[in-house]
Number of protein chains: 2
Amino acid sequence: MNVTIADIAKATGLAKSTISGALNNKSGFSEKTRRRVLAAAEELGYVPNEIARGLSSKSTGSIGLIIKDITNPFYNHITKGVQEIAGEHGYTVFLCSSGEEHQAEIKHIQAMVRKRVDGLIIAPLLEEVTFDHFFELKEQNVPFVLLGKIQGLSCDTYDFDDYDGGRQVTEHLLSMGHTRICFVRGPKTSKAAKLRYSAFIDTLKSHGIEADERYVFQNANGIADGMAVGKQIAAMPDRPTAVICFDDVIAIGVIKAVMEAGLQVPEDLSIIGFDDIEVNTFPLTTVSIPTYEAGKALAWTLFDRILQRRTSGFQHITFEQKLIERASVRQLHNK
Amino acid sequence: MNVTIADIAKATGLAKSTISGALNNKSGFSEKTRRRVLAAAEELGYVPNEIARGLSSKSTGSIGLIIKDITNPFYNHITKGVQEIAGEHGYTVFLCSSGEEHQAEIKHIQAMVRKRVDGLIIAPLLEEVTFDHFFELKEQNVPFVLLGKIQGLSCDTYDFDDYDGGRQVTEHLLSMGHTRICFVRGPKTSKAAKLRYSAFIDTLKSHGIEADERYVFQNANGIADGMAVGKQIAAMPDRPTAVICFDDVIAIGVIKAVMEAGLQVPEDLSIIGFDDIEVNTFPLTTVSIPTYEAGKALAWTLFDRILQRRTSGFQHITFEQKLIERASVRQLHNK
DNA sequence: TTGTACGCGTTATCAA
DNA sequence: TTGATAACGCGTACAA
């Protein structure tokens, strides 16, 4: 059914090794043979089998990308960046989504190793769980790059400066006169959420303010959770004046819900998000995060390893986060 | 470096075939041997090589998904659906993005065949180009499912009823008193765009109205184009009263731009989109399209073929599109 | 129940 | 410049 180099060897009367060599543009074959081989290949409808090639050559031309949720702009921009660079290298990418499930992450990583990907990008890892599978991965000897860091594990990493992002938004709100601030934490497996929250607490404290427990929502993820939180906020007797959301998706959910409840943003409630997603009409004050660039950078670094363009020590790069002021935060006068 | 079944055979003193059988839970092995094998595998850190397995078994456990742009909610919801079903089957998915480039689509399809994926989902195909590569694909004997149809090519297909969607939005606008309607066509390689536009023209005509050429924008794609179009519309001397956008992303771009130009939606301009994307605060009247469900359905159908759960004739399924009225279309009194 | 031998489609190493 | 032949890691008849 499937035509192989053996078939085309038989057809041309040449040896398999000759076919292979000619097909792969190796030097040392006469132009005549080369033509003959190419013609026969075309003729028979030969399609190289990358699986066999991979078995023999120890390289599959595939990399794996593990993310949480392709539906979220944060991740799909990273994905876009990774794909672009992979494409430039003639590579193909396996996309795996773990959601919030630790077991899924483990399974995906193992599946990628079994499929013998040439490299792996994990962006970002889940937190609040064991990291054994990463140490195992390290043993496995497949190059990988992380968006995030793991204590004691040496590999290339990237990071967004989440603590600083959290600090910036808090400072901003404070400077606009807000003190009753609500904080919507993201997924419980998110280190970014943890860092931003710490920054929030610390920054508040440095201004002599204690965070109000009633104003922090623990695990929000996606627009539905954002809306649920928004509904609760709108119904609070002593509503906060501002809310910091883990990401723009959640922020949009909050906005939808509070508007449905008859409130105005920012008149009745100021809102800040993270990610600066582009497809959005609301003039949301947010923190811009270079996800697309990070995706490209992650992939570049991975290919540096795969192609051994770089063999020295591991690098750790941190991307800045930058507050973008738009119109979802109101200047408060009546403190 | 990498431990193989041969290594574990040597370690246990058993034969390779015994290892293979025990590892794959084949019947006919004593519990004792099985344990011994498993223990040794664990001990040595054995990781099955799916590449070798694939070569031997003729099945890679991977499928390919080809889309245009992972950044667009339309596609990432399809992707999510596909991934979910693939995961349930223990399969992994290669994600390929073609953008608007015909050559990229061809390359990706060929790459997938060379990697010997067990099946392929192409959603949706590019239009206005040759389809030779699909006929070749058919020859290749790899199962595939299309979102869209190709004249003369028999395979399983899904479809959204784009013509009807176009009809619905036009009827709606007409019923709200609009006659000066702008139409923003989507990517030039989109059949959906073509069908919706035909419906628009036909529906208008059936009401005795001729479409105004000045009001149709040819190839818009993504939010940037949407904004460019919005800017142009805002500056028009005899502005249309309503605009139909190819998708919500474009619609959001148009809204951003016209609002920046000082216009109100829908007071000054009514806007309709397609896709009903969830992450959006604007009360956009739009057409809901079951992308996530379609993704799952596409994958189900593909696995029906891969696993030979279904071997009879090809099926063609059409999903309905449904107008969702929100608040971006204004009732016009002064006709 | 276990072992032997071969095939899967390529690449790579040597001889010729 | 070309041709045997042996890997690559695993599955699987078939034989023991």
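Naming: A, B, ... by sequence-line order, numbering from 1 per chain. For clarity, every value in this text was computed on a predicted model and none was experimentally measured.
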Working note: A/Glu105 + A/His133, criterion side-chain hydrogen bond (donor to acceptor under 3.5 Å, both in side chains); need CA distance, chi angles, decisive distance, verdict. CA-CA 9 Å; A/Glu105 182 180 270; A/His133 52 301; 2.8 Å; yes

Would B/Asp156 and B/Thr301 count as a side-chain hydrogen bond (donor to acceptor under 3.5 Å, both in side chains) here? Give the steps. CA-CA 8 Å; B/Asp156 294 309; B/Thr301 301; over 6 Å; no

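Separating the CD1 atom of B/Ile8 from the C1' atom of D/dG9 is a distance of 13 Å, rounded to the nearest angstrom. Between the NZ atom of A/Lys32 and the C1' atom of D/dT2 there is a distance of 12 Å, given to the nearest Å. The separation between A/Ile19 atom CD1 and D/dT1 atom C1' is 14 Å, rounded to whole Å. A/Arg36 has its CZ atom 15 Å from the P atom of D/dT1, to the nearest Å. Following rounding to the nearest Å, B/Leu23 (CG) and C/dT2 (C1') show an atom-to-atom distance of 16 Å.
For the pair B/Glu50 and A/Lys115, the salt-bridge criterion is not met [side-chain N within less than 4.0 Å of a carboxylate O].
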Treating primed atoms plus P, OP1 and OP2 as sugar-phosphate and everything else as base, which nucleotides of nucleotides 5-16 of chain C get B, S or - for protein heavy atoms under 4.0 Å? --BBBBBB----

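A heavy-atom distance below 4.5 Å is found between the side chains of B/Leu125 and B/Leu146.
A search for side-chain hydrogen bond (donor to acceptor under 3.5 Å, both in side chains) contacts involving B/Asp304 returns B/Arg309, not counting sequence neighbours.
Looking at heavy-atom distances under 4.0 Å, B/Ile51 makes no contact with the nucleic acid at all.
When all heavy atoms are compared, the tightest approach of B/Ile66 to B/Ser98 is CG2-OG, 3.4 Å.
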